Amino acid sequence: MTTLVLLSDLVFESNDKLDQRIRSLFNSEHPSIGYIPSCSDPERKYFEHTRRYYNQIGIDNIQYFDLDLEYEERTFGSIFECDAIHLSGGNTFYFQSLLQKRNMVGLLRSYVKSGGILIGVSAGSILTTPTIEIAGYGEDADENEVGLNDMKALELVDFEFAPHWDGSEDTLDSLREYSRVNRTAVYACQDGGGLVIDCASVELYGNVRLIDYRESGSVDD
């Protein structure tokens, strides 16, 4: 059983159907969400934005769990008791380096396979895919300032995710080239949209486009 939500960004005037679908994933009347930032958020600026979003859709119990400067191994494990885990946006390479450093990759996979819900935003969404290589692709690519070599991500889906699509055909053409070279399917997603993966089904909300090199009809050997 795999339940994932992949968002491009967390915006308040987004898609009501998407918001309602996210809320419907929770069986509990009072669900809990564990929030993991991509890097320490000492003033809780981004955490507060996320908390307000979830409050808006009727979820009040949001807890902050830091993998970076405020990491506490003794208490971090309680995040896996939450109904969902939220992976924030930010620098994908740095975020992935934290997951590796804290040995979180296998634990997050097990959490999802055991029925936990994983919600990603931007970098957090990319982390659910087989590789984070796409984070370093294009004009607005993340900088790999940590010198990360292992790009393998959580591998919870068999496609890649390109957040913050500007809606242009030029960007889609660039992603088509990425898809062809890397022999992978890519979902391009505009802010305000997202994907919900519920078991084997992939549901699209907002302006989302699937790019798949196999659809061209000519696959290079």
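Everything numeric here is computed off the predicted structure, so don't read it as measured data.
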**Q** Find out whether W165 and V208 are in side-chain contact, i.e. whether some heavy atom of one side chain is under 4.5 Å from a heavy atom of the other.
**A** no
**Q** Quick one: do V121 and V112 end up in the same hydrophobic cluster if we chain Ile, Leu, Val, Met, Phe, Trp and Tyr together by side-chain heavy atoms under 4.5 Å apart?
**A** no
**Q** Assess the residue pair R214 and D212 against the criterion (salt bridge (charged side-chain N to carboxylate O under 4.0 Å, His left out)); give the C-alpha distance rounded to whole Å, side-chain angles, the decisive distance to 0.1 Å, and a yes or no.
**A** CA-CA 5 Å; R214 291 166 293 193; D212 192 335; 2.9 Å; yes
**Q** Which atom pair, heavy atoms only, marks the closest approach of S32 to C82?
**A** OG-CA, 3.3 Å
**Q** Between F159 and P130, which heavy-atom pair has the shortest distance, and what is it?
**A** O-CD, 3.1 Å
**Q** Can you measure from CG (D60) to CD1 (I62) and round to the nearest 0.5 angstrom?
**A** 7.5 Å
**Q** Could you check if a side-chain atom of Y187 sits within less than 4.5 angstrom of a side-chain atom of L204, using non-hydrogen atoms only?
**A** yes
**Q** Is any side-chain heavy atom of Q56 closer than 4.5 Å to a side-chain heavy atom of R23?
**A** no
**Q** Give the intermediate values and the outcome of side chain to side chain contact (heavy atoms under 4.5 Å, CB included) for residues I57 and F26.
**A** CA-CA 12 Å; I57 65 172; F26 296 88; over 6 Å; no
**Q** Taking S125 for the side chain and G120 for the main chain, is one N or O donor matched with an acceptor at less than 3.5 Å?
**A** yes
**Q** Taking the side chain from S179 and the backbone from T184, do they hold a donor-acceptor pair closer than 3.5 Å?
**A** yes
**Q** As an exercise, state the distance from CG of L154 to CG of L108, rounded to the nearest 0.5 Å.
**A** 5.5 Å
**Q** Are any non-hydrogen side-chain atoms of F80 and S110 less than 4.5 angstrom apart?
**A** no
**Q** Side-chain heavy atoms under 4.5 angstrom apart, residues restricted to Ile, Leu, Val, Met, Phe, Trp, Tyr: same cluster for F47 and L118?
**A** no
**Q** Do L156 and I22 belong to the same hydrophobic cluster, where Ile, Leu, Val, Met, Phe, Trp and Tyr are linked whenever their side-chain heavy atoms lie under 4.5 Å apart, directly or via other members?
**A** no
**Q** Report yes if some heavy atom in the side chain of T171 is under 4.5 Å from a heavy atom in the side chain of R209; otherwise report no.
**A** no
**Q** Roughly how far, to the nearest 0.5 Å, is CG of L210 from CG of L175?
**A** 11.0 Å
**Q** Mark yes or no for whether N55, through its side chain, and I59, through its backbone, hold a donor-acceptor pair below 3.5 Å.
**A** yes
**Q** Is V157 reachable from V5 through a run of hydrophobic residues whose side-chain heavy atoms are each under 4.5 Å from the next?
**A** no
**Q** On a heavy-atom basis, which atom in A153 and which in R109 lie closest, and how many Å separate them?
**A** O-NH2, 3.0 Å
**Q** Show, in sequence, the C-alpha distance, side-chain angles and deciding distance for I85 and M104, and conclude whether the side chain to side chain contact (heavy atoms under 4.5 Å, CB included) test is met.
**A** CA-CA 12 Å; I85 292 176; M104 284 291 293; 5.9 Å; no
**Q** Considering residues at least two apart in sequence or located in another chain, which fulfil the side-chain hydrogen bond (donor to acceptor under 3.5 Å, both in side chains) criterion with E133?
**A** none
**Q** So how far is it from L7 CG to L18 CG, rounded to the nearest 0.5 Å?
**A** 6.0 Å
**Q** Given V105 and K152, is the side chain to side chain contact (heavy atoms under 4.5 Å, CB included) satisfied, shown in steps?
**A** CA-CA 10 Å; V105 173; K152 184 181 290 186; over 6 Å; no
**Q** Can you tell me how far the CD1 atom of I36 sits from the CZ atom of F65, to the nearest 0.5 Å?
**A** 8.5 Å
**Q** What's the shortest heavy-atom distance between D83 and H30, and which atoms?
**A** OD2-O, 4.4 Å
**Q** Can you tell if the side chain of F93 reaches within under 4.5 Å of the side chain of E145, non-hydrogen atoms only?
**A** no
**Q** Sequence neighbours left out, what pairs pass side chain to side chain donor-acceptor pair (under 3.5 Å) with at least one residue falling in residues 35-50?
**A** S40-D66, R44-E70, E48-R51
**Q** Quick check: does any side chain N or O of Q100 sit under 3.5 Å from a backbone N or O of D150, one acting as donor and the other as acceptor?
**A** yes
**Q** Could you tell me the separation between the CG atom of L107 and the CZ atom of R102, rounded to the nearest 0.5 Å?
**A** 13.0 Å
**Q** Does S122 reach the main-chain N or O of D9 with its side chain, forming a donor-acceptor pair under 3.5 Å?
**A** no
**Q** Is a side-chain donor-acceptor pair under 3.5 Å present for D142 with Y94?
**A** no
**Q** What pair of heavy atoms forms the shortest contact from S88 to F95, and how long is it?
**A** O-CE1, 3.3 Å
**Q** Okay, side chain of N91, backbone of E143: is any donor-acceptor separation there less than 3.5 Å?
**A** yes
**Q** Side-chain contact, heavy-atom cut-off 4.5 Å: L4 with L195?
**A** no
**Q** Consider only side-chain heavy atoms of I, L, V, M, F, W and Y, link residues closer than 4.5 Å, and tell whether I117 and I126 are in one cluster.
**A** no
**Q** For a side chain to side chain contact (heavy atoms under 4.5 Å, CB included) check, start with the C-alpha distance between L67 and F76, then their side-chain angles and the critical distance, and finish with the verdict.
**A** CA-CA 8 Å; L67 287 174; F76 192 93; 3.4 Å; yes
**Q** Among residues at least two apart in sequence or on other chains, which ones pass side-chain contact (heavy atoms from CB on, under 4.5 Å) with Q20?
**A** D16
**Q** Between Y64 and P37, what is the shortest heavy-atom contact and its length?
**A** OH-CG, 3.5 Å
**Q** Looking at Y111 and A84, would you say the former's side chain and the latter's main chain have a donor-acceptor pair under 3.5 Å?
**A** yes
**Q** Consider only side-chain N and O atoms of D19 and Y53, and report whether a donor and an acceptor are under 3.5 Å apart.
**A** yes
**Q** For Y178 and G138, indicate whether the former's side chain and the latter's backbone hold a donor-acceptor pair under 3.5 Å.
**A** no
